[in-house]
**Q** 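If you scroll down you'll find the structure; I have some questions about it.
Reminder, nothing fancy here: chain letters follow the sequence lines and each chain counts from 1.
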There are 2 protein chains.
Amino acid sequence: MIKDIARLAGVSTATVSRALSHPDRVSEETRALVMGVVERHGYRVNSFARSLRKQRAGAVLALVPNLGNPFFSLIIKGIQDRLQEAGVDLLVADSHSTGGAGRSPVAHLRESRADGLISLDGSLPAATLKDLVAPDTVGKVVFACEWPLSAPLPSVRSDNREGMRLAVDHVVGLGHRRVAYLTGPAGNILTDERRAGVEAALAAQGLSLPPERVDGGDFSLEAGHAAAVRLMAMTPRPTAVICASDQLAIGLISGLSALGLSVPQDVSVMGFDDIASAPYALPPLTTIRQDRLALGRAAADLLLERLADPAATEGRVLTLPVELVLRRSTAAPA
Amino acid sequence: MIKDIARLAGVSTATVSRALSHPDRVSEETRALVMGVVERHGYRVNSFARSLRKQRAGAVLALVPNLGNPFFSLIIKGIQDRLQEAGVDLLVADSHSTGGAGRSPVAHLRESRADGLISLDGSLPAATLKDLVAPDTVGKVVFACEWPLSAPLPSVRSDNREGMRLAVDHVVGLGHRRVAYLTGPAGNILTDERRAGVEAALAAQGLSLPPERVDGGDFSLEAGHAAAVRLMAMTPRPTAVICASDQLAIGLISGLSALGLSVPQDVSVMGFDDIASAPYALPPLTTIRQDRLALGRAAADLLLERLADPAATEGRVLTLPVELVLRRSTAAPA
DNA sequence: CCTATAAATGTAATCGATTGCACCACTTTG
DNA sequence: CAAAGTGGTGCAATCGATTACATTTATAGG
């Protein structure tokens, strides 16, 4: 195709290419001439030919634990926003669904379909992780939101421990002493961090988190709902429940409501994330806000920087601040 | 790279290529030999070289009105699931954010970064739509969920009118006569379809939808919340409100609750979509379920078929069934 | 034993752009 | 006025695979 343009403009393909990619390397008039022809014929460079020659894809892969989980949408949007500014495309893949072709995410890197990888999944299979830290790929990977414990790869994350400190201090400040915790899925780094944050903050207040006051096991609505009956069967009952996610909290409130209990009169409930529906829960959910959009942007930013200079970003960890959002789901104990 | 493998295996690059892509075109032993070398050296084909030569990208672009809107996540997952089975990659772009590079989605097609396009946005700018129906792109485009009125492109959609008929028949069957409607954003095809569905179904029951009983103007939680006070200021009040989305319904319930009204005792509320949190709303939301996962899969399926045979799929419209899900947000009027 | 046919492999053109190097036409400088 | 420098172009190699066509080798049929 570039040949056609060259022929029509009466110049060489080299000149067309330069007029398009390095406008300052051709004369004013040649550029205008070439641009005119390009315009008239609606010519567009073939990205494969370019990628093949330049040895870069112009695309980045985002690996999501579950594409169907709405929690990730804002992070993805943040990533896409930043990438679009840089003129880089976004590929997405689900790290759990391994379809017919069954290509590992690393294959995208090795087949040079993507220049880099942003993983929102911190619990990648050991084999995948091993591939990722190989010399030829380690400089192309960053983590967002979650991160792997076993490899010191660059990552962007929210300040999960601080978030839980804010949550604990809030409910303890209201006068609660028996605080229960709804935790996330086992083996997840966020689960560990947040739980550790809760325990540390409670300890700092002279309180403890006995194992029987921990329930959940999943970030989902279902898990929260199911936990209600178990939590309320305890004697004495916990007076406040801190949840590892807003979904857990909303599910829990739903479960409590089914038991005829109301929030915050009978129990205080706190979430984590500040998802879009948190302000519209009944009651509006007191929670810890993490800025998912900013997190996505920062991750994309970090990856772009890493691709430009792997050494400079070696092991870099960016921790984003979180914020206590006071709404109506917490109150002093009865 | 393929040259290295060829040299190491003592065969030509042609044979390596065939061993990899057309195993039946080489002898058993050659294949084993080549595979062995490939395995040992972790060789992977370069996708650009392949794409350049084969003139296909092996990727498809999904265009989403707002990547941050969780409503789309399940559709995207459906698309990705199906594409992965076919060994095709998924690129995503936000049709609203036009970042620095500001490349139109059509550019992806023209630059052959993507073989096809699935648009979840039915309200594309006229210029974009015009580009899409050009002879060289029209065979590569399908719509999912939404669709453009002005061009007869293939699409997959839910049966929006039938859904609203089910909703209307349900509340009217409970005895409601003054039914209000919370509508979506102006200019959106779903807004039009659903409203038309409501009006037709009410008319069939001998009822009407006076303009003052229509509010909303957006699918969002906020719009639903804001509508509550206006709707309840009417005399006589509507006894049931049908919403164009679950988000509207949940926002509405939140707004009603702030006014001290409860659902369904004071007002019945219906949603549309059956999003993940609908069962955990207070009260659990009666709604119309559309299977977003199936919709995404079907759209990906349709696109793959269209890419293989554009003529056969010309103007094809697939309408997926919807379903009434009875929960607790509707009851007979007081 | 020789020819026709099939199976396996190699040769080299091709996909479409980018870019190092060479070259030409002018300026500038000593 | 000759030598050196500069800006603008063109030539052709290159990126890494795929595949039409040619060639070789093995097998079957007459």
**Q** Could you tell me the separation between the CZ atom of Arg18(A) and the P atom of dT18(C), rounded to a whole number of Å?
**A**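 Nearest whole value for this atom pair: 11 Å.
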**Q** Can you tell me whether the side chain of Arg44(B) and the base of dG16(D) have a donor-acceptor pair closer than 3.5 Å?
**A**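 Result: no qualifying N/O pair found.
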**Q** So, Arg113(B) and Asp89(A), do they make that salt bridge, N to O below 4.0 Å?
**A** yes
**Q** With a 4.0 Å limit, can you tell me whether Thr30(A) has a side-chain N or O closer than that to the phosphate oxygens OP1/OP2 of dG8(D)?
**A** no
**Q** Distance from Arg292(A) atom CZ to Leu120(A) atom CG, nearest 0.5 Å?
**A** 11.5 Å
**Q** For the pair made of CZ in Arg56(B) and P in dT18(D), what is the distance, rounded to whole Å?
**A** 12 Å
**Q** Pick the closest DNA chain C nucleotide for Ser17(A) and for Ser12(B) by heavy atoms, then say which residue is nearer the 5' end.
**A**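 By nearest-heavy-atom nucleotide position, the 5'-most residue is Ser12(B).
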**Q** Rounded to whole angstroms, how far apart are CE on Met1(A) and P on dA17(C)?
**A** 7 Å
**Q** For Thr15(B) and Leu52(A), take the nucleotide of DNA chain C holding the closest heavy atom to each; which residue's nucleotide lies nearer the 5' end?
**A**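 Looking at the nearest nucleotide for each, Thr15(B) comes out on the 5' side.
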**Q** Starting the side chain at C-beta, find the nucleotide from dA17(D), dC21(D), dT18(D) nearest to Ser21(B).
**A**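 The nucleotide sitting nearest to the side chain is dT18(D).
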**Q** Bend across the helix from dC1(C)-dG30(D) to dG30(C)-dC1(D), to 10°, with axes taken over 5 pairs at each end?
**A**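 Answer rounded to 10°: the end axes differ by 50°.
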**Q** Output yes when Asp115(A) and Lys140(A) qualify as a salt bridge under the 4.0 Å nitrogen-oxygen rule, no when they do not.
**A** no
**Q** Taking only N and O in the side chain of His22(B), is any of them less than 4.0 Å away from OP1 or OP2 of dT18(D)?
**A** no
**Q** Does Thr30(B) use its side chain to pair, donor to acceptor, with the backbone of Val26(B) at less than 3.5 Å?
**A** no
**Q** Is the shortest side-chain N to carboxylate O distance from Glu314(B) to Arg306(B) below 4.0 Å?
**A** yes
**Q** Between Leu20(B) and Glu29(A), just flag the one whose closest nucleotide in DNA chain D comes earlier from the 5' side.
**A**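 It is Glu29(A), whose closest nucleotide lies nearer the 5' terminus.
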**Q** Any base atoms under 4.0 Å from Val16(B), or only sugar-phosphate, or nothing? Heavy atoms, all strands.
**A** nothing
**Q** Going by modelled atom types, is there a donor-acceptor pair between the base of dG8(D) and the side chain of Arg31(A) at under 3.5 Å?
**A** no
**Q** Round to a whole Å and report the spacing from CZ of Arg113(B) to P of dC15(C).
**A**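 Rounding to the nearest Å, CZ of Arg113(B) and P of dC15(C) are 21 Å apart.
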**Q** Looking at dG10(D), dT18(D), dA17(C), which one has an atom nearest to any side-chain atom of Arg53(A)?
**A** dA17(C)
**Q** Does this structure show an ion pair linking Glu305(B) with Arg316(B), if we count only N-O contacts that are shorter than 4.0 Å?
**A**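 Salt bridge flag = yes for Arg316(B) with Glu305(B).
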**Q** Within this structure, what is the CG-to-P distance between Asn46(B) and dC15(C), rounded to whole angstrom?
**A** 18 Å
**Q** Starting at CZ of Arg25(A) and ending at C1' of dT19(C), how long is that distance when rounded to a whole Å?
**A**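 Result: 10 Å.
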**Q** Using whole Å, report how far CG of Asp24(A) lies from P of dG7(D).
**A**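 In whole Å, dG7(D) P and Asp24(A) CG are 11 Å from each other.
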**Q** Which nucleotide, dT19(C), dT19(D), dA17(D), lies nearest any side-chain atom of Lys54(A)?
**A** dT19(C)
**Q** Above 12 or not: heavy atoms from other molecules or residues under 6.0 Å from CZ of Arg31(A)?
**A**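 Count over threshold, so yes.
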**Q** For the side chain of Gln55(A), starting at C-beta, report the closest nucleotide among dC15(D), dA17(D), dT19(D).
**A**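 Of all the options, the side chain of Gln55(A) is nearest to dC15(D).
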**Q** Measuring from Leu117(B):CG to Leu91(B):CG, what's the distance to the nearest 0.5 Å?
**A** 10.5 Å
**Q** Please give, in whole Å, the distance from dG10(D) P to Ile2(A) CD1?
**A**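 Whole-Å distance recorded here is 12 Å.
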**Q** Determine: side-chain N/O of Thr13(A) to OP1/OP2 of dG16(C), distance under 4.0 Å, yes or no.
**A**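 Looking at the OP1 and OP2 atoms of dG16(C), neither is under 4.0 Å from any side-chain N or O of Thr13(A).
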